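These notes are about the structure you will find just below.
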Amino acid sequence: MTNDPLTAAVLTPVGRGAVATIRVRGDLSQLDDIAVPLFRAANGRPLSQQELRRIAFGRWGREDAEEIVVSRLSDETLELHCHGGDAAVQRILNDLQRAGCTAVSWQSQMAACGPSLDAECLDALSRANTWRTAEILLEQSNGLLLAAFQNLAQHVSLSPPLPLSPSSQLIDVRAKTLSRLNALLAWSDFGLHLTRPWSVVLTGRPNVGKSSLINRLLGYERAIVFDQPGTTRDVVTGETAFDGWPVLLADTAGLRDATEELEAAGIALARERLAGADLRVVLIDLGEPPSTDDRRLFSEWPDALVVAHKCDRPDRWLDQRPADALRVSSQTGEGIDELQRRLVERLVPRVPPPGTAIPISVRQVEVLRAALLAGDEADFRASVDSLFNFVGSAL
Ligand code: GDP
């Protein structure tokens, strides 16, 4: 029996619903003393004595008692299913709090149980914000990822014990495991982006049209925070999805030589954003002749996608325009679809086929990397073995 403090978390989404579920975790016997007057099971047993994984009908409350169903999932876990209205949920939560239970979010309740693959999958799913990413995360959480981790761990554990000198069999086991680790890790960047949008930062001279292009890509007018002449604007952002992939767009204030402290801070922030972005877009204004600022940006960010903006204006770049620059006009919409296509191509060059196991949390990636980088055989076995622990126990 655990001595953990009691916590209560609402598992169902906020708002009215037919049924709401509250999960209580901790030492359930603490509840019996105080809950007895509050909960009366039809079978007459106290909460902590309900049969495991069976549902029990009962009433909650003194007067105008409400019908609820409880289910004890383990020694420390109890679920209460009540009417879905906010008031019914709040009433039970209040009673539980009076009984010494702390109300917490379901995520923190799960996290308090220690790391587990299940908890991470559920947490990731709850943070997916497109159908496409949710579909992939659902596949992982429906056993694909668990199978991949178990497979990896078993492969090593079932192999023969460590011989004094490396045998060809051991080398073979290690080679196969390394290739499995590499196959999983190949998707780590993609997997982490399923819950964290790909970031695209637009840069270019002041007035090149960064804000206008972001608004076009977002499909709505995003408010500009600071737009006074001579003042470096804050970096502002907008989130959208291209082809079902979540993307965070940010523009930067013009990158000029800093003269003022404020300007310097803004420029440093812009550079930091650019360096940390998944993709940089350098805009040039086709209606203005090339300048040293444009050239500096090309040489500073050679891997950037170059947009020849304001292509509705007479072209003053002519043969100086970078060969791969994409002609775009935020005013007429020309080139916008092609720009979206190129952004997706650069951000998500490969899409995993269905059935591919993908690590989806930083911790998963770390565990896999540790196994891959293990210095010697003992280290290697220890880290692969830790995958077993990593799988953890589901609530
Ligand atoms: P930023 O300083 O880089 O964010 O530039 P803005 O988005 O504020 O745009 C600067 C000016 O360029 C504004 O007057 C816009 O109306 C104009 N502009 C933006 N995009 C286009 C375009 O595609 N074509 C033309 N002709 N003008 C544009």
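All ligand and atom numbering here is 1-based and tracks the order in the structure. Computed from heavy atoms alone, side chains included, the values below leave out hydrogens, waters and symmetry copies. Position 1 is the first residue of the sequence; numbering continues from there. What you are looking at is a predicted structure, and each value in this text was computed from that prediction instead of being measured.
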Could you tell me, atom by atom, which parts of ligand 1 come under 4.0 Å of a heavy atom of [X]?
| X | answer |
| --- | --- |
| H309 | 20 (N), 23 (O) |
| S329 | 23 (O) |
| D312 | 22 (C), 23 (O), 24 (N), 25 (C), 26 (N) |

Practice problem: Show your working on side chain to side chain donor-acceptor pair (under 3.5 Å) between D27 and S29 and close with a plain yes or no. | Solution: CA-CA 6 Å; D27 181 358; S29 65; 2.7 Å; yes
Practice problem: Mind checking side chain to side chain contact (heavy atoms under 4.5 Å, CB included) for A88 and listing every partner two or more places apart, or none if nothing turns up? | Solution: E66, H83
Practice problem: Would you tell me which option among S212, S330, G333 has the nearest heavy-atom contact to atom 6 (P) of ligand 1? | Solution: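 The nearest heavy atom belongs to S212.
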Exercise. Pick one of side chain, backbone, both or neither for how V328 approaches ligand 1, counting any non-hydrogen atom pair under 4.0 Å.
Key: neither
Exercise. Using a 4.0 Å heavy-atom threshold (strictly under), name the region of K310 that reaches ligand 1: side chain, backbone, both or neither.
Key: both
Practice problem: Kindly indicate whether a cation-pi arrangement holds for R350 with W187, taking the cut-offs as under 6.0 Å to the six-membered ring centre and within 45° of the axis. | Solution: yes
Quiz prompt | Sole residue of H309, K310, K210 in side chain to side chain contact (heavy atoms under 4.5 Å, CB included) with S330 | solution = H309
Quiz item: Atom OG1 of T130 and atom CG of L194: how far apart are they, to the nearest 0.5 Å?
Solution: 8.0 Å
Quiz item: Is there at least one pair of N or O atoms, one from R313 and one from ligand 1, spaced under 3.5 Å apart?
Solution: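 No - when backbone and side-chain N and O of R313 are compared with those of ligand 1, no distance drops under 3.5 Å.
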Exercise. Return the set of residues passing salt bridge (charged side-chain N to carboxylate O under 4.0 Å, His left out) with E338 (not counting sequence neighbours), or none when no residue passes.
Key: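 By the salt bridge (charged side-chain N to carboxylate O under 4.0 Å, His left out) rule, E338 matches R341, R342.
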